[in-house]
Every structure is written in C-alpha cells, then in structure tokens.
There are 2 protein chains.
Amino acid sequence: MAKLNRSLIADVEIFNGLQDEDLDTVLEPASALRVAKDAAVFEQGGAAERFFLLLDGALRVVQTTREGQQVIARYIAAGSLVGIAPAIGRDTYPASAVAAVDCVLLSWPMSAWPDLTARFPVFAANAYRTVGQRLQETQDRVIELSLAQVEQRVANAVLRLVRQTGRKTEDGIEIDFPVSRQDIADMTGTTLHTVSRLLSAWESQGMVRSGRKRISVTDPHRLMLVSQGAKDA
Amino acid sequence: MAKLNRSLIADVEIFNGLQDEDLDTVLEPASALRVAKDAAVFEQGGAAERFFLLLDGALRVVQTTREGQQVIARYIAAGSLVGIAPAIGRDTYPASAVAAVDCVLLSWPMSAWPDLTARFPVFAANAYRTVGQRLQETQDRVIELSLAQVEQRVANAVLRLVRQTGRKTEDGIEIDFPVSRQDIADMTGTTLHTVSRLLSAWESQGMVRSGRKRISVTDPHRLMLVSQGAKDA
DNA sequence: CGGGGCGTTGACCTATGTCAAGACCTGTGG
DNA sequence: CCACAGGTCTTGACATAGGTCAACGCCCCG
C-alpha cells in the first residue's frame with residue numbers, strides 16, 4: 001500500500017511536512033478505494049466508521065431534509081479530507097457524499113484518528129484547518145443567501161466551480177464534471193428554471209457557453225461583475 | 001485567579017472531566033474581564049491574540065461585508081468558547097463579537113492554546129466539538145435560507161433564542177436580552193419591516209407578546225408549527 | 001427507435017422587499 | 001420634572017424578483 005501510493009499523494013497538501021517514513025506510518029492503516037460516478041462514499045446519518053482523502057475526482061456533499069428537499073453543501077476537489085466527523089466529535093455523518101465523476105479515495109478507520117493526530121500534529125493541524133475553512137465558507141454562504149440576489153448567487157456558484165475544477169477548452173474554461181441546472185439550483189437556493197433562464201441570458205451575452213450538464217465560462221471577468229451585482233450593460 | 005473562579009466555572013461544560021488541580025493549571029494563564037453592553041470583545045479582521053470563554057451574559061457574533069451590510073452569525077450563551085481562531089488555524093478573527101448585555105469572560109493568550117490542548121485532550125476535544133457544532137448549525141442555516149419561507153425562518157430564529165436564553169415571565173417565556181426587529185432581520189436574511197409585520201400578526205393571534213427590544217413567546221407549540229410551515233388556522 | 005432525463009420558455013402569481021409617513025418610547029439635558 | 005431627540009416600531013401602498021405551472025423540444029442511451 002504505502003510504496004504504491006507515495007507518488008499519488010506526494011503533493012497532497014494535507015501531508016505537507018511529513019517525512020517519507022512518517023508517510024508510511026500514516027498510510028499503513030489506510031486502504032484505497034474507487035467509487036463509480038453517482039455512487040455514494042458515505043450516507044447522511046450513517047455511522048461514521050471511516051474517514052477519507054479524495055485522491056482523484058470530485059465529490060458532491062449533499063444534505064437532505066426529512067421532507068426530501070436537497071441542498072448541496074459543497075463540492076470537494078481532489079486533495080481534500082472528507083467525512084472527518086471525529087475531528088468535530090461526531091459519530092455519524094452529517095451529510096452524504098456522492099461521486100460527481102469516478103473517484104479514487106484513501107480511507108482510514110476512525111479508530112486510526114486519535115493515533116494519527118497524536119503522532120502527527122501537522123496532520124491534525126491540517127485537518128482542523130480544513131474544518132475551519134469549511135466553517136468559514138459556510139458562513140460566507142449564509143451571508144450570500146441573506147444579502148445577495150439570485151443572479152449574483154448563481155454567478156458566484158458557477159465561478160467557484162470553475163475556480164475549483166476549471167479546465168481550459170476552446171469554449172473557455174469548463175467545469176470538468178457534469179453539473180445540471182438543478183445542481184446549481186441546489187447550491188444557490190433557487191429553482192432550475194431560474195438557473196436555466198440566467199444561463200440562457202448569459203449565453204446570449206457571450207459570457208458562458210453551456211449544454212446538457214456542461215458549463216463553460218467564456219468571460220470570467222464579466223461574470224464576476226455580475227456576481228458583484230453590477231447592473232450590467 | 002484560580003481559586004476565585006473555581007465555583008464560577010465549575011459547571012462549565014467545556015471543563016468537564018478536569019480535576020481540580022488541572023483546572024488550576026488551565027486557569028493559571030487566564031484573566032477575567034468584564035465587557036459592557038454594546039462593547040466589542042473582539043473585532044472582525046483583528047489579530048487573533050486571545051481566545052475567550054463566556055462566563056456570564058450573551059454575545060452577538062456579527063459579520064459585516066465590505067459594503068457594510070450585517071449578518072448576525074450567532075448568539076453565544078454563557079459557558080461557550082468564543083474567538084477560538086487557533087483551533088481552526090486562523091490568526092485573525094472572522095467576525096466581531098459584541099456584548100448583548102453586560103458580560104463576564106475569561107480570556108487566554110493564543111500562545112496558551114498548544115499547551116492547553118496538548119495537556120488536556122478533553123479540553124481540545126471540547127473545543128473541536130464546539131467548532132463542529134457551529135459548522136453543523138451554520139449548515140442548517142444554509143438549508144433553512146435555501147428552502148424555507150421568511151415566516152418559518154423568523155419563527156425558528158425566535159424559538160432558538162428562546163430555547164437558548166428563555167426566562168419565564170408572566171407573559172410567557174422571554175428572550176432575556178434586548179433584541180430588536182432589526183436584529184431578528186439580520187439573523188434571518190429579511191427586513192425589519194417584515195419581522196415587525198410577522199410579530200404583530202403573531203401577537204394578534206396570541207402566540208407572542210413583544211415590545212421595544214423585547215420578545216416573549218406565549219405559545220411555543222403553535223409557533224413551532226409555524227416554523228414548520230403549517231398553513232395555520 | 002422509443003423513453004426518460006434534461007433543458008427552454010412563456011404566462012402568471014405572490015411573497016416579500018421598498019418607499020413613505022407617523023406613532024411611540026426612553027433616556028438625557030436643561 | 002419636562003420636553004425634546006433619536007432610536008425603535010407600526011402600517012399602508014406599491015413594485016418586482018423570482019417562484020409556480022404548463023407545455024414542449026432535445027438529446028442520449030439502451
């Protein structure tokens with residue numbers, strides 16, 4: 001396991017500052033897994049038995065209410081820890097994680113957590129920083145939902161995705177996993193209809209190009225102005 | 001310092017499981033402070049030099065955008081840690097904390113953090129759990145803002161405040177610090193006008209009683225139904 | 001080749017924000 | 001002790017962003 005994965009995880013930010021031998025120790029209790037597109041890595045409410053590091057692919061973290069309404073909490077890009085319930089004293093996952101594309105992950109049993117954090121403070125610090133960042137991001141989203149118009153929120157969501165996973169194509173920068181209008185709606189607290197209308201409008205103004213589960217941004221700068229509430233011209 | 005505060009903090013949840021002598025060690029680097037109503041404990045963006053434990057009173061945690069718009073991130077009740085930036089790897093406060101009433105706090109220099117967490121895992125665990133809870137609450141708020149109507153959000157906000165700090169009076173259960181309509185609006189992403197209309201309506205239906213910066217709930221159960229989107233009768 | 005998932009667009013409706021005017025407290029200074 | 005000023009709350013009238021409902025077109029995959 002260890003030797004095999006060294007190269008894959010060499011540049012994972014969370015392991016920065018670990019020596020090779022330490023890395024081996026960290027990886028010893030880990031196992032690799034692949035998760036097919038649309039399959040769940042873990043489910044909301046399920047017993048938190050393992051925590052994960054996303055090596056490749058992208059995950060959608062989704063929360064569902066009793067009434068079955070969905071909100072997309074965030075997308076996770078390669079290199080991030082996921083399902084780190086124990087870091088925050090939970091024994092159950094607060095959300096579900098679904099593969100947006102085929103993914104490769106490492107996973108550790110929760111039982112490895114105390115040992116890992118105790119022996120590798122740098123790992124612990126990274127994990128807690130991750131939680132902190134998520135708190136910050138979530139808080140930012142509250143502000144956005146409280147104060148910004150739908151158009152700005154949608155523009156922002158698209159820009160975030162592009163920033164996280166943008167890939168250059170002839171059409172501009174494309175979000176490199178499938179995203180539906182409904183997905184964007186679930187990220188911004190609106191409806192697929194409104195998202196559709198906005199994307200159409202932006203497309204006719206030459207800021208984006210989009211199709212079935214595909215969005216590329218051709219004029220990030222102008223879209224950014226929209227996200228900041230420019231009355232437009 | 002230590003002896004003096006023992007009784008005050010004896011039942012603070014975050015210190016559960018600490019022996020008396022450990023408690024003394026924890027308190028040694030701490031100092032107490034009082035903060036008058038409406039004064040700030042720390043300011044958004046300021047260097048995070050100390051972290052705090054609220055012993056008595058209530059704090060309002062506020063985030064302000066560049067454009068000067070405000071959102072109330074949360075209220076902190078006595079017994080909670082505040083300003084624990086280092087727990088999440090920040091060196092600057094992400095929000096401001098303002099005393100909602102006269103408050104008493106303990107504070108430690110950030111430099112005490114590594115030592116405290118290293119020596120008292122139970123303290124560390126408590127701190128991280130606090131962060132986790134806040135992440136969870138913030139996430140819940142995102143869901144609420146995304147899916148619920150204003151009426152439900154306001155009902156929920158009022159109920160949360162009542163649950164956190166409710167005090168029985170002849171009018172029902174009263175939020176025991178001053179809250180204006182604007183405050184409620186800032187907690188729910190709406191306007192003081194809408195909040196005022198809602199409170200008036202509820203009052204005429206006998207669910208609440210309210211006045212200048214004062215709200216009491218007389219029929220929590222019915223208000224709960226409202227918060228869950230009952231069409232009402 | 002057919003069906004289900006996804007997207008587009010129009011028509012309409014309504015929850016809630018905006019604007020405006022005033023009433024009502026409360027604490028402060030004369 | 002009174003009166004005034006500033007902050008707070010209320011209420012009406014009105015405007016509109018964006019949700020809801022409905023119908024249809026378009027892929028893509030099996």
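What you are looking at is a predicted structure, and each value in this text was computed from that prediction instead of being measured. As a basis for the values below, the full set of heavy atoms in this structure was taken, side chains included, without hydrogen atoms, waters or symmetry mates. Below, chain A is the first sequence line, B the second, and so on; all start at residue 1.
Ring geometry for A/Phe52 versus A/Tyr93: interplanar angle of 30 to 60°, hence tilted.
The closest side-chain heavy-atom distance from B/Pro178 to B/Val101 is below 4.5 Å.
One atom, CD of A/Glu151, and another, C1' of D/dG19, lie 16 Å apart when rounded to the nearest Å. One interatomic measurement links the two molecules: CG of A/Asp186 to C1' of C/dC6, which rounds to 14 Å at whole-angstrom precision. In this structure, A/His193 places its NE2 atom 16 Å from C1' of C/dT14, rounding to the nearest Å. Rounded to whole angstrom, the span from the CD1 atom of A/Ile215 across to the P atom of C/dC6 amounts to 14 Å. Taking atom CG on B/Leu147 and atom C1' on C/dA15, their separation rounds to 16 Å, with Å as the unit. Taking atom CZ of residue A/Arg214 and atom C1' of nucleotide D/dC27, one finds them 13 Å apart after rounding to whole Å. If you take CZ of B/Arg181 and C1' of C/dG17, they are 18 Å apart, rounded to a whole angstrom. We find that CD of B/Gln149 is positioned 18 Å from P of D/dA17, with the value rounded to whole Å.
Each of B/Arg212 and A/Leu192 has a nearest nucleotide on DNA chain C; the 5'-most of these lies closest to A/Leu192.
Look at B/Ser180 and you won't find any side-chain N or O under 4.0 angstrom from OP1 or OP2 of D/dG7. The phosphate of D/dG18 (OP1 or OP2) has no side-chain N or O of A/Thr194 nearer than 4.0 angstrom. For the pair A/Thr191 and D/dG18, the criterion of a side-chain N or O lying under 4.0 Å from OP1 or OP2 is not met. Between A/Thr190 and D/dG18 there is no side-chain polar atom (N or O) within less than 4.0 angstrom of OP1 or OP2. Of the side-chain N and O atoms in A/Ser196, none sit less than 4.0 angstrom from OP1 or OP2 of C/dG7.
Applying the 6.0 Å contact sphere to CZ of B/Arg34 captures no more than 12 heavy atoms from other residues, nucleotides or ligands.
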message = Working note: A/Gln152 + A/Asn156, criterion side chain to side chain donor-acceptor pair (under 3.5 Å); need CA distance, chi angles, decisive distance, verdict.
response = CA-CA 6 Å; A/Gln152 303 172 42; A/Asn156 242 318; over 6 Å; no
task = Decide yes or no on side chain to side chain contact (heavy atoms under 4.5 Å, CB included) for A/Gln70 and A/Gln63, but give the supporting numbers first.
result = CA-CA 6 Å; A/Gln70 277 200 348; A/Gln63 287 190 307; over 6 Å; no
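Side-chain atoms of B/Arg197 come within donor-acceptor range of the base of D/dG12, with a qualifying N/O pair under 3.5 Å.
Here C/dG7 is the nucleotide among C/dG7, C/dT8, C/dG17 with the atom lying nearest to any side-chain atom of A/Lys213.
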